[in-house]
Amino acid sequence: MEKKTVLITGASSGIGEGCARKFGMNGHRLILNGRNVEKLEAVKAELEGKYGAEVLLLPFDVRDRNAARQALDSLPQEWKAIDVLVNNAGLVIGVDKEHEGNLDEWDVVIDTDVKALLAMTRLVVPGMVERGRGHVINMGSIAGDYAYPGGSVYCACKAAVKALSDGLRIDLVDTPVRVTNIKPGLVETNFSVVRYRGDQAAADHVYEGIRPLTGDDVAEVVYFAASVPEHIQIAEVLVMPTHQATGTIAWRGK
Ligand code: 8X3
């Protein structure tokens with residue numbers, strides 16, 4: 001694949017960090033977004049040191065659409081032509097039942113997983129259309145296919161990511177811009193720690209007895225989707241550990 005400028009949201013850890021590493025080691029230019037500047041600096045240092053990657057940090061909270069617009073406007077001219085947007089930033093807080101959970105926490109989840117993804121798309125895609133070149137890769141989830149216990153709002157958000165991906169693909173059908181929805185299953189990142197509000201033991205329990213995917217594993221799939229020839233559009237990929245079958249069925253050796 002020719003050299004591309006790749007903007008990744010939520011790039012300071014997990015799948016986003018994995019994507020940064022994969023694109024960086026393959027010679028692409030990276031614009032890395034996240035909220036934790038220290039962690040972003042560490043990713044940048046690693047990629048520059050190990051691979052000589054060109055990395056520009058663009059820290060802002062994706063939920064703040066004015067900050068997003070200002071950050072994108074502030075990009076130096078030679079970084080403005082974004083070829084690949086990896087809408088990766090996402091989270092869930094809690095495993096509460098829909099009729100019992102905390103609406104303020106769910107605002108954070110919906111604002112991040114749905115509204116911020118939409119805002120980033122709205123800000124970046126017009127330039128792609130204008131240039132006649134681009135690829136939006138959204139981080140969906142197996143959670144978007146079927147709801148599961150304690151996942152109601154998160155599952156709804158990821159179902160929304162699927163609908164937004166499908167809708168965008170329809171809206172861009174007369175352009176060369178591609179749209180991909182990647183739907184991972186169990187991936188061991190900070191995701192479960194946040195879901196369990198910092199309870200590390202509860203988070204570890206999620207991956208007990210099964211070898212989960214890593215952020216780097218999912219990044220392989222993201223990179224594959226980005227690197228196939230331009231006439232191929234990987235519309236959707238469901239990727240999970242070998243011993244996982246659905247959002248709720250996994251074999252844990254017993
Ligand atoms: C996260 C995967 O299995 O927790 O998107 O729904 S899962």
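What you see is a predicted model; the values in this text were computed from it and never measured. Side-chain atoms are counted along with the backbone in the values below, which use heavy atoms only and exclude waters and symmetry mates.
Contact of the Arg195 side chain with the Tyr154 side chain is registered, since non-hydrogen atoms from C-beta on lie closer than 4.5 Å. Val92 places none of its side-chain heavy atoms less than 4.5 Å from the side chain of Val194. A heavy-atom distance below 4.5 Å is not found between the side chains of Asp83 and His135. Cys19 places none of its side-chain heavy atoms less than 4.5 Å from the side chain of Asn88. Residues Ile15 and Phe191 are not in side-chain contact: their nearest non-hydrogen atoms beyond the backbone lie 4.5 Å or more apart. No side-chain heavy atom of Val84 sits less than 4.5 Å from a side-chain heavy atom of Met1. At a threshold of 4.5 Å between non-hydrogen side-chain atoms, the residues Val237 and Phe224 do not count as touching.
Residue Arg65 places its CZ atom among 12 or fewer non-hydrogen atoms of other residues, nucleotides or ligands, all under 6.0 Å distant. In Glu100, the CD atom is crowded: over 12 heavy atoms of neighbouring residues, nucleotides or ligands sit closer than 6.0 Å. Within a 6.0 Å radius of CZ in Arg133, other residues, nucleotides and ligands contribute more than 12 heavy atoms. A 6.0 Å sphere centred on CD of Glu98 holds no more than 12 heavy atoms belonging to other residues, nucleotides or ligands.
Remark: Lys115 pairs with Asp111 by the salt bridge (Lys or Arg N to Asp or Glu O under 4.0 Å) rule, at least two apart or across chains.
Sorted by first and then second residue, the pairs that involve residues 117-131 and meet side-chain hydrogen bond (donor to acceptor under 3.5 Å, both in side chains), not counting sequence neighbours, are Asn87-Thr121. Within the structure, the side-chain hydrogen bond (donor to acceptor under 3.5 Å, both in side chains) test picks out the following pairs touching residues 15-28 (sequence neighbours left out): Glu17-Arg21, Arg21-Glu46, Arg21-Asp216, Lys22-Glu220, His28-Tyr223.
Contact record, Thr5 with Trp79: CG2-O, 4.1 Å, taken as the closest heavy-atom pair.
Between Glu78 and Arg29, none of the side-chain N atoms (NZ, or NE/NH1/NH2) sits under 4.0 Å from a carboxylate O, so this pair counts as no salt bridge. Under the 4.0 Å criterion applied to side-chain N and carboxylate O atoms, Arg63 and Asp107 are not assigned as salt-bridge partners. Between Lys183 and Glu236, at least one side-chain N (NZ, or NE/NH1/NH2) sits under 4.0 Å from a carboxylate O, which counts as a salt bridge.
Between Ile31 and the options Leu85, Leu75, Val6, Thr9, a side-chain contact (heavy atoms from CB on, under 4.5 Å) holds for only Leu75. With Val239 as the partner, the side-chain contact (heavy atoms from CB on, under 4.5 Å) test is satisfied by one option alone out of Leu213, Ile142, Asp217: Leu213.
Residue Leu47 is grouped with residue Leu40 when hydrophobic side chains (ILVMFWY) are merged at heavy-atom distances under 4.5 angstrom, including chains of intermediate members.
Side-chain contact of Ser165 with Asn138: a donor-acceptor pair under 3.5 Å is present, judged by distance alone.
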- request: List the steps, then state whether side-chain hydrogen bond (donor to acceptor under 3.5 Å, both in side chains) holds for Tyr146 with Thr246.
  value: CA-CA 9 Å; Tyr146 295 99; Thr246 72; over 6 Å; no

